[in-house]
**Student:** 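Here it is, the structure in full.
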Protein chains: 2
Amino acid sequence: MKRVTIRDVSEKAGVSTAAVSYVLNGREGKVSSETVAKVRKAVEELNYIPDFSARSLANNKSKLIGVVIPQTEERKQLLLQNPFYSELVCGIEARLRQSGYHMILSGVEKGEGYLDTSMQRNLDGAIITGIYQESFYEDLKKVRMPIVLIDSYINDSYFDSVGIDDELGGYMATKHLIDNGHTNIALVTGLIRKDGVVEKRFLGYKRALKEAGLFYNPDYVFEHSVTYEYGREAGKLIASKQMEITAAFATSDLMAMGVMQGVRDEGREVPTHISVIGFDDISVARISTPPLTTIRQDAVAKGIMAAERLLSAIGHTEAYRSFEPLVMPLELIDRRSVLRIGGSAE
Amino acid sequence: MKRVTIRDVSEKAGVSTAAVSYVLNGREGKVSSETVAKVRKAVEELNYIPDFSARSLANNKSKLIGVVIPQTEERKQLLLQNPFYSELVCGIEARLRQSGYHMILSGVEKGEGYLDTSMQRNLDGAIITGIYQESFYEDLKKVRMPIVLIDSYINDSYFDSVGIDDELGGYMATKHLIDNGHTNIALVTGLIRKDGVVEKRFLGYKRALKEAGLFYNPDYVFEHSVTYEYGREAGKLIASKQMEITAAFATSDLMAMGVMQGVRDEGREVPTHISVIGFDDISVARISTPPLTTIRQDAVAKGIMAAERLLSAIGHTEAYRSFEPLVMPLELIDRRSVLRIGGSAE
DNA sequence: TTGTATGCGTTATCAT
DNA sequence: ATGATAACGCATACAA
């Protein structure tokens, strides 16, 4: 299929390429309505489709957004297995497409930069989730394109960001357990990295403890990787050891599901023997046995808002730095995995 | 950050732009090793990054692959909620990136073409999953780029394809139930569309029935949408009605999970009262209660193979039509959701 | 082996 | 209002 160029259109319509370019880009005010009609007709008949590569070369706009999500360390595959990221991506893509943008979805080798990609592709902007080493963000800044960080506590006014109040979330979860009479509460979590979301949730956990006059016991924190498998392992430990633990706060639903299974592996029941509360409210949380009590955040909405912000930043050149970080709401979803114990009042 | 061009590099190195282009594109044979060294040095020092837009304009190669997956009808969001697609995408992206390609992931409005996108972006190829109207495929062919279809029974030698033997899968699942003494077997499925995968699974279901001398009873097929919700509804019907149904084959795990819940909603148990077998082996199948017996396919591998085939097709210009459709293996994973009933042998 | 010049499709500048 | 024409950055055919 031979490519139809803007020149073909201009010839067919009997006008200049500039005129065609004008009507194609909505600057119809600069051209007579008669010319507009002729051009539209020619475009239609020739089935003209503009070449974004050429366009990008001419004006440095690609209508392309880079979306980065974390990947598994071993197999270098996207972390889409975690439904949380899937939903995020769904939201982003839908919103972007609605405005005529496309999304390049990729992971990034750890330690490697994203500068190459952004420059090669003339990206109009990027949405970054996950947490990377500092040099990664420095690179990003050099490119001078709008960037939205999701779930990042990088404190740099260059970046716009959307997230949740993770500290509050951790507090809410732990408080809920405490309100139900639990005093020996485990924390099951992925690696607690500086400025990461789990660190904040961890902080919230400690705050709730302290507020209730409970001691923080380091032996009660099970920290490893954000996987079902590790959650299960932790669950086994919690259920088997001669510990007084009666409840666990898992910093992600994926892990919470594992914890519940681990508890069962040891012949004990959730919530009869061990109560469990998760974080995220991924779709399986609703359908697990028992249905998981959790802190809900709306991942799809998060993705949509991130895209929204990015698009608006792309529109308003250089004025985009003025954004306040966007903090999305949280909600406690009380299902069946937490048991009220003791005789404590509400 | 001012863009460093090939001209900057050539000047710094004291050679021509052609020389730079040669060493950058691996045609080092055309140039003295001394020049190569000078160029490499200059590239390094200037931190030169080629512009893919320009490259694309000059030689019609974009290093960009279009990946299309189905989307929800109502909200126009990607079907990534279904873990099956997530895994597919993971595999595709990982393999593509490994070869220096990027992926534009998108859904496509129903009825709308993909021709625009492919031409605008100068895509080097595309991977399509899902089933679309004929005109969609016709458009695709016009662009004359390599295309791999996943899970499609479009019979057109232009397209390469990777999939599984869905008929066999349906047969295996149904046969397994029959082998366990079941004779009244329901089918719970999404819309049975011509040339779609579920149609084939449906055919396999009927073949197993016929082979066992069982009658095909249209009242036993529950056909609607591929969702947990509908599965649940069907499960309720199956468990409540005064039917003789003792087992159900759900054409996707997502639905199978729903069926199990629906059965429970009616106060009955899986597999005690109703046996359930699914399809796909998504990750939650392993951790459901009870763990789901299912027909396993490896979605990640499917994605990797699709990407692999596409890349190879891109390499061998126009010779790519010679491919045989790739059929990936299937495996019955026997867990705990199917009960052996009656006194049948084997 | 190396350099020059042209084309790729579009936008934007500048005359007309 | 409209139409030439020069970038944009790279690859490559061709000349040296």
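Throughout, a chain's letter reflects where its sequence line sits, starting with A, and its residues are numbered from 1.
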**Student:** Could you tell me whether the side chain of A:Val300 reaches within less than 4.5 Å of the side chain of B:Gln77, counting heavy atoms only?
**Tutor:** yes
**Student:** Residues of residues 6-17 of chain B with any non-hydrogen atom less than 4.0 angstrom from an atom of DNA chain D: list those, numerically ordered, please.
**Tutor:**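 B:Ile6 - these, ordered by number, are the residues of the stretch whose heavy atoms sit under 4.0 Å from the strand.
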**Student:** Might you work through the side chain to side chain donor-acceptor pair (under 3.5 Å) test for A:Ser56 and A:Ser62, ending with a clear yes or no?
**Tutor:** CA-CA 5 Å; A:Ser56 163; A:Ser62 60; 5.5 Å; no
**Student:** What's the CG-P distance between A:Asn122 and C:dT10, to the nearest Å?
**Tutor:** 16 Å
**Student:** Could you point out which residue of A:Ile128, A:Leu115, A:Ile154 forms a side-chain contact (heavy atoms from CB on, under 4.5 Å) with A:Phe136?
**Tutor:** A:Ile128
**Student:** To the nearest 0.5 angstrom, please state how far the CG atom of B:Leu123 sits from the NZ atom of B:Lys61.
**Tutor:** 13.0 Å
**Student:** Side chain of A:Asp51: nearest nucleotide among C:dT10, D:dG9, C:dG3?
**Tutor:**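 The nucleotide sitting nearest to the side chain is C:dT10.
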**Student:** In this structure, how many angstroms lie between the C1' atom of C:dT10 and the CE atom of B:Met119, rounded?
**Tutor:** 15 Å
**Student:** Name the nucleic acid region contacted by B:Phe52, choosing base, sugar-phosphate or nothing; use a 4.0 angstrom heavy-atom cut-off, strictly under.
**Tutor:** nothing
**Student:** Would you mind telling me which of C:dG9, D:dG9, D:dT12 lies closest to the side-chain atoms of B:Ala18?
**Tutor:**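 Side chain of B:Ala18 sits closest to D:dT12.
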**Student:** Taking any heavy-atom pair under 4.0 Å as a contact, classify B:Asn60: base, sugar-phosphate, or nothing.
**Tutor:** nothing
**Student:** May I ask you to evaluate whether A:Ser21 reaches the phosphate of C:dT11, defined as a side-chain N or O under 4.0 Å from OP1 or OP2?
**Tutor:** yes
**Student:** Side chain of B:Leu57 only, heavy atoms from C-beta on: which candidate in C:dG3, D:dA11, C:dG9 is closest?
**Tutor:**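 Among the listed nucleotides, the one closest to the side chain of B:Leu57 is C:dG9.
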**Student:** Does CD in A:Glu134 sit with more than 12 non-hydrogen atoms of other residues, nucleotides or ligands closer than 6.0 Å?
**Tutor:**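 Incorrect, the count does not exceed 12.
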**Student:** Would you mind checking if B:Lys302 and B:Asp151 are paired as a salt bridge, meaning a charged N to carboxylate O distance below 4.0 Å?
**Tutor:** yes
**Student:** Nearest-nucleotide wise, let me know which of A:Ala58 and B:Arg27 is further upstream toward the 5' end of DNA chain D.
**Tutor:**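 Closest to the 5' end, via its nearest nucleotide, is A:Ala58.
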**Student:** May I ask you to test the A:Tyr101-A:Ile314 pair for a side-chain heavy-atom distance under 4.5 Å?
**Tutor:**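 Yes, side chains in contact.
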**Student:** Measure the distance from CG on B:Leu46 to P on D:dG9 and round it to the nearest whole Å.
**Tutor:** 14 Å
**Student:** B:His102 and B:Arg97: side-chain donor and acceptor closer than 3.5 Å?
**Tutor:**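 Absent: no donor and acceptor within the cut-off.
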**Student:** Under a 4.5 Å cut-off applied to non-hydrogen side-chain atoms, are A:Ile65 and A:Leu310 in contact?
**Tutor:**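 Yes, close enough: below the 4.5 Å cut-off.
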**Student:** Among C:dT11, D:dC14, D:dA11, find the nucleotide with the atom closest to the side chain of B:Tyr22.
**Tutor:** D:dC14
**Student:** For DNA chain D, determine which residues of residues 30-38 of chain B have any heavy atom closer than 4.0 angstrom to one of its atoms, and list them numerically.
**Tutor:** none
